[in-house]
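Numbering of residues begins at 1 and proceeds along the displayed sequence. Order of appearance sets the numbers: ligands from 1, and atoms from 1 within every ligand.
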Amino acid sequence: MTDIRRIGLLTGGGDAPGLNAVIRAVTKSAILQYGWAVTGFRNGFEGCITGEAEELGLHSVQGILPRGGTILGASNRCNPFSYRNIAAGDTAPRDHSDDVVRRFSDLGIDAVVVIGGDGTMSISHELSRKGVQVIGIPKTIDNDVRGTKVTFGFDTAVSTATWAIDKLHTTAESHHRVMIVELMGRTAGWIALYAGVAGGADIVLIPELPFHLDAVRDKIQRRARHGSNFTIIAVAEGAQTASGQAIYQQIGEKWYEKRYGGIAAWLEHELSERLDQEVRSVVLGHLQRGGEPTARDRALGTMMGSFAVDLLGSGETDRMVAISRDPMGQSSTDMTSVPMVVATRGPRHVPLSHPLIRSARMMDICIGDSPVDVSNQKL
Ligand code: F6P
């Protein structure tokens with residue numbers, strides 16, 4: 001292991017609230033506690049290929065703690081192992097990983113902190129096999145990175161989604177409507193489950209529990225019979241019926257193979273056919289990723305950033321910062337690290353034994369179970 005004098009820092013994948021808190025914590029901890037210099041790469045791994053990088057000093061990170069987004073820029077389309085560098089004349093994607101390793105060496109970078117989700121961890125794990133000393137920090141609003149019980153960004157997304165559900169309540173009640181809100185999360189239902197319960201949604205649909213349309217319709221009708229002439233449905237973008245499949249946007253998208261979107265509109269159509277009540281839908285979309293981070297995400301991001309620097313300081317590499325217990329009970333002992341490869345083993349889904357699922361059932365929140373399942377529930 002080389003003595004560290006300079007570290008690199010980058011934010012891979014899409015943005016998430018709290019990124020700037022992490023950048024600030026890594027930069028300040030590295031400079032103030034270890035005397036290391038910090039180089040920030042622009043737009044994730046893209047900056048490592050193109051050379052867009054900047055010195056991060058104490059002044060660079062001043063005042064950024066409450067700001068959303070990332071001061072370094074983000075790109076969720078750059079994998080250096082398969083990247084088309086148009087400026088370099090690439091006509092097809094090719095392996096630029098050696099260019100990245102060379103870039104680090106040319107800039108005198110001895111170790112790197114990467115902030116990202118499973119894709120970023122996978123790239124970083126491969127770079128570590130090429131000799132790069134690297135520590136990862138898990139980031140995503142989806143909360144689905146394997147190896148950690150929580151990612152920063154999730155709390156802010158849940159707060160925003162809860163705020164949206166609160167607002168839908170008042171208009172739904174006034175117009176006696178069924179209002180459906182589509183929430184992010186890809187194949188995981190963390191945001192929909194937490195915000196749905198926190199916002200008092202009557203129906204919460206998540207990918208982990210394929211739903212039955214009849215159960216959803218029955219719940220709405222039951223509410224109406226009991227005098228509640230409105231219903232709120234929180235649906236995760238990756239939710240699907242027991243016999244169906246997830247819905248993607250069909251837009252001839254050139255960047256992605258698949259982009260989630262459309263389940264709320266589909267539900268609106270299907271329920272409208274089955275109900276006398278008016279049904280409307282809304283997609284909350286990137287509002288969940290934008291804006292200022294909650295206090296919790298700022299604190300979590302700060303802890304994770306400092307811890308990553310300490311891991312590098314103690315000679316660790318190819319590991320990811322992790323929280324070992326559920327988010328409610330953070331203490332210093334909850335902060336740990338796991339081999340980075342753990343994060344690459346697929347998304348972390350909501351376990352069906354999760355206390356919020358049990359609680360939802362006990363509160364008579366419909367989570368899409370068939371009526372038979374509900375009446376036979378063994379809690
Ligand atoms: O992974 C975070 C996330 O916001 C998902 O919840 C969502 O499906 C996806 O990113 C959207 O990505 P993009 O902004 O690239 O369309």
**Message:** With a cutoff of 4.0 Å, is Gln288 in contact with ligand 1, counting heavy atoms of the residue only?
**Reply:**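 No, that is not the case, since the closest heavy atom of the residue is not under 4.0 Å from the ligand.
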**Request:** Assess Gly185 for proximity to ligand 1: is some non-hydrogen atom of it under 4.0 Å away?
**Result:** yes
**Prompt:** For atom 10 (O) of ligand 1, which candidate among Arg289, Glu237, Met184, Lys139 provides the closest heavy atom?
**Reply:**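 That would be Arg289.
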**Asked** Looking at ligand 1, does any of its N/O atoms fall within less than 3.5 Å of an N/O of Arg259?
**Response**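 It does not: no N or O of Arg259 is found under 3.5 Å from an N or O of ligand 1.
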**Message:** Please check whether Tyr260 reaches ligand 1 - meaning an N/O of the residue sits under 3.5 Å from an N/O of the ligand, judged on distance alone.
**Reply:** no
**Request:** Under 4.0 Å, heavy atoms only, figure out whether ligand 1 is touched by the backbone of Ile141, its side chain, both or neither.
**Result:** side chain
**Request:** Would you mind running through ligand 1 and noting each atom that sits below 4.0 Å from a heavy atom of Asp142?
**Result:** 1 (O), 2 (C), 3 (C), 5 (C), 6 (O)
**Message:** Within the 4.0 Å heavy-atom shell around His286, which atoms of ligand 1 are there?
**Reply:**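 The list of qualifying atoms is 13 (P), 14 (O), 16 (O).
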**Prompt:** Strictly by modelled atom types, are Thr344 and Ser122 linked by a side-chain donor-acceptor pair under 3.5 Å?
**Reply:**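 On atom types as modelled, these side chains do not qualify, holding no pair under 3.5 Å.
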**Item:** salt bridge (Lys or Arg N to Asp or Glu O under 4.0 Å) partner of Asp144, the single match among Lys149, Arg345, Arg186, Lys139
**Value:** Arg186
**Fill in**
Contacts of His169 meeting side chain to side chain donor-acceptor pair (under 3.5 Å) (sequence neighbours excluded), chain-then-number -> none
**Message:** Taking atom CG as the centre, does Asp276 end up with more than 12 heavy-atom neighbours from other residues, nucleotides or ligands that are less than 6.0 angstrom away?
**Reply:** no
**Request:** Can you spot which of Ser124, Pro138, Pro339 makes a side chain to side chain contact (heavy atoms under 4.5 Å, CB included) with Met320?
**Result:**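 Only one of Ser124, Pro138, Pro339 forms a side chain to side chain contact (heavy atoms under 4.5 Å, CB included) with Met320, namely Pro138.
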**Ion pair check, Arg129 and Asp318, cut-off under 4.0 Å** =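 Here Arg129 does not pair with Asp318 in a salt bridge, since their nearest N and O are not under 4.0 Å apart.
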